[in-house]
Amino acid sequence: MTVNNLPGKILVIDDDRALCELLEEDLSRRGHSVWTALKVVDAREILHQQDIDIVLTDLNMPEISGIEFCAEIQSNRPDLPVVIMTAFGSLETAIAALRAGAYDFVTKPVDLDLLSISLDRALQHRHLQEKVRLLKNQVRQQRSDDEMLGESPVFQEVKQQIMRIANLDTSVFICGESGTGKELVARALHQQSHRCEEPFIAINCAALPENLLESELFGHVRGAFTDARETRKGLFVEASGGTLLLDEVAELPLALQPKLLRVLEDHKVRPLGGSKEIDCDVRVLASSHQDLAAAVAAGQFRSDLFYRLNVIQLELPPLRDRGNDILLLAFRFIEQLSQRFNKSVTGLAQPAAACLLAYHWPGNVRELRNVIERALAFTDHDQLIMEDFPEQIRRPNGGVSLPASLVATGDILPLEEMERRYIRQVLDQLNDNRTLAARLLGVDRKTLYRKLKDS
Ligand SMILES: Nc1ncnc2c1ncn2[C@@H]1O[C@H](COP(=O)(O)OP(=O)(O)OP(=O)(O)O)[C@@H](O)[C@H]1O
Ligand SMILES: [Mg+2]
């Protein structure tokens, strides 16, 4: 007996009970799970309840013809292969069956070995289809997750820099406040370089204690220390040919810094406890939200390593300086996440948009994403409204630090002057886009001009 290496769930439909039993026994022996139905109504029920991989159906059935049934399955489940059994092995029936979308046909009396070959092929076809579908989804998902959004002039500048330096193969130090997209940029640098087919690995230097980080980065040989039961390659070797991102590099313990410097200079790594050096061709990117130069000045970071990592510096702007990008990103996150949450939220109400624009976003893009995610989880509306956002975002001045003259104690301003300054501030955030400012402030453009002029 040969057990099939690709077992499937097969539904057999034939009004001949003896044939059903024979097929059930034979196909089960070959490793498949088999359901049988003497009537089409039963078959429909089974298809409804089970995740069947292949349908094997008789051509001549009392209720409807096998060809009609095949067409019915095709319209409901186009991915499900149907193999038709026919007593009349004529060319016309075969063609009609294939036209109706059947995957294959076999003639009666059924040759069990030939049937098995046909079913194996149908199963393989189905598994391949399934794999392609999964891969397509993954690629689509990855593309939309990895896409770097931003139209503001400061962010356009970042994108241009990425294009210019992606293929230079030098170290890049990516800095910027927390959540500004440093890891996303590192991935973009990798993806746009000739190394894109090789691994991209990111390690957070702040997440591991010194000894673990050392063996994680440089590897170890068996027995190098008490817990080293297996030899471990280390990330430098694993990333060979590709890119390694040292995230939170300012946290790299001083003791490991000379070792890292040596790898960067010589492109060779010596695992802990090892006697041989291993070649590694890795592009190293580093990132931190801390001021690395200040860490050097404070004696926490070696200056030679700083210069080696900081060949090119890429500084990411904080979200509050990216004007309209806030809304662009908000809309993208709403689109992505409402799909994931199965909600039909389509956008933002105007006052809610104004809130987002006015807030100072200390946690940058990550914070915006989290705020949108939370709002989507709780909202009952088709558009997110101000009340869907947490208190600190809804505050009238949205956490913006108002001009000193506005907050200076005892400095009472006429209402119109206050209004004028507020309009100016909104315009600054929107890169002077007056149409959008008018929309967000709930006035028409003429009124906006007048209010600016009047004062
Ligand atoms: N320009 C952008 N377009 C789309 N999504 C972005 C953009 N920038 C950042 N993100 C998203 O924001 C989140 C934070 O980005 P990322 O992890 O790259 O930030 P980071 O600067 O490395 O943060 P941290 O300093 O906390 O490590 C991620 O979900 C990322 O996909
Ligand atoms: Mg990061």
Side-chain angles (χ1 to χ4, degrees), residues 138-163 165-166 171-192 200-208 213 216 235 239 243-252 284-292 294-295 309-310 312-341 348 356-357 359-377 393 431:
Q138 263 176 20
V139 169
R140 205 171 305 136
Q141 181 73 43
Q142 199 139 6
R143 242 188 236 149
S144 63
D145 283 356
D146 282 355
E147 199 183 346
M148 252 186 340
L149 290 179
E151 304 282 326
S152 60
V154 271
F155 201 72
Q156 289 293 343
E157 176 61 28
V158 169
K159 282 189 181 170
Q160 273 169 16
Q161 262 181 299
I162 292 174
M163 262 170 19
I165 63 180
S171 295
V172 179
F173 176 56
I174 308 162
C175 56
E177 289 179 16
S178 169
T180 41
K182 296 185 289 295
E183 182 156 348
L184 202 68
V185 165
R187 279 179 199 280
L189 283 170
H190 172 73
Q191 269 156 17
Q192 292 178 33
F200 170 89
I201 300 180
I203 175 157
N204 184 339
C205 299
L208 294 174
L213 184 62
E216 190 72 14
L235 296 183
T243 307
L244 182 65
L245 168 66
L246 302 173
D247 198 5
E248 299 304 346
V249 74
E251 304 285 333
L252 189 75
V284 174
L285 305 176
S287 67
S288 175
H289 67 279
Q290 296 183 37
D291 183 348
L292 208 52
L309 289 173
N310 198 31
I312 297 175
Q313 190 177 111
L314 199 58
E315 189 174 349
L316 297 194
L319 185 58
R320 77 187 74 86
D321 291 349
R322 291 176 54 185
N324 236 348
D325 282 357
I326 297 176
L327 294 187
L328 192 74
L329 286 158
F331 277 106
R332 172 54 60 89
F333 295 149
I334 291 173
E335 190 187 313
Q336 273 177 3
L337 296 167
S338 69
Q339 234 178 33
R340 226 171 271 175
F341 290 169
L348 281 166
L356 296 187
L357 281 170
Y359 182 57
H360 64 302
W361 299 110
N364 295 291
V365 186
R366 177 177 296 109
E367 185 182 9
L368 174 62
R369 194 185 159 92
N370 291 345
V371 163
I372 299 283
E373 187 165 346
R374 181 184 170 283
L376 280 172
I393 289 174
N431 303 321

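Counting begins at 1 with the first residue of the sequence. Counting starts at 1 for both ligands and their atoms, in listed order.
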Can you tell which of [options] gets a heavy atom nearest to [atom]?
{"atom": "atom 27 (O) of ligand 1", "options": "R366, E177, Q336", "value": "R366"}
{"atom": "atom 5 (N) of ligand 1", "options": "D247, I174, L184", "value": "L184"}
{"atom": "atom 23 (O) of ligand 1", "options": "G150, C175, G179, S287", "value": "G179"}
{"atom": "atom 16 (P) of ligand 1", "options": "S288, A202, G181", "value": "G181"}

Check ligand 1 against [X] and write out every atom of the ligand that is under 4.0 Å from a heavy-atom position of the residue.
{"X": "E147", "answer": "3 (N), 4 (C)"}
{"X": "R369", "answer": "29 (O)"}
{"X": "L149", "answer": "1 (N), 2 (C), 3 (N), 4 (C)"}
{"X": "F155", "answer": "1 (N)"}
{"X": "L329", "answer": "2 (C), 3 (N), 4 (C)"}
{"X": "S178", "answer": "25 (O), 26 (O)"}

Taking side chain as C-beta onward, heavy atoms only, is [X] less than 4.5 Å from [Y]?
{"X": "E177", "Y": "W361", "value": "no"}
{"X": "L189", "Y": "V172", "value": "yes"}
{"X": "R366", "Y": "S178", "value": "yes"}
{"X": "I203", "Y": "L213", "value": "yes"}

Check whether K182 reaches the backbone of D247 with its side chain - one donor and one acceptor, N or O, closer than 3.5 Å.
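Checked: no pair found.
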Determine whether a donor-acceptor pair (N or O, by modelled atom type, separation under 3.5 Å) exists between the side chain of N204 and the backbone of A206.
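Yes: the side chain of N204 pairs with the backbone of A206.
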Listed by chain and number, what are the salt bridge (Lys or Arg N to Asp or Glu O under 4.0 Å) partners of E151, not counting sequence neighbours?
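Residues passing salt bridge (Lys or Arg N to Asp or Glu O under 4.0 Å) with E151: none at all.
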Below 4.0 Å from ligand 1: does a non-hydrogen atom of R332 turn up there or not?
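In this structure, R332 fails to qualify as a contact of ligand 1 - no heavy atom is under 4.0 Å.
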I'd like to know whether ligand 1 has G176 as a neighbour, heavy-atom separation below 4.0 Å.
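Judged by the 4.0 Å heavy-atom criterion, G176 does not count as contacting ligand 1.
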So, regarding K182 and ligand 1 (criterion: nitrogen or oxygen to nitrogen or oxygen, under 3.5 Å), is there a contact or not?
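Yes: some nitrogen or oxygen of K182 is under 3.5 Å from one in ligand 1.
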For S152, side chain to side chain donor-acceptor pair (under 3.5 Å) partners two or more places apart:
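Here the qualifying residues are D325.
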Verify the neighbour count for atom CD of Q313: are there more than 12 heavy atoms of other residues, nucleotides or ligands below 6.0 Å?
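Buried by this count: over 12 neighbours within 6.0 Å.
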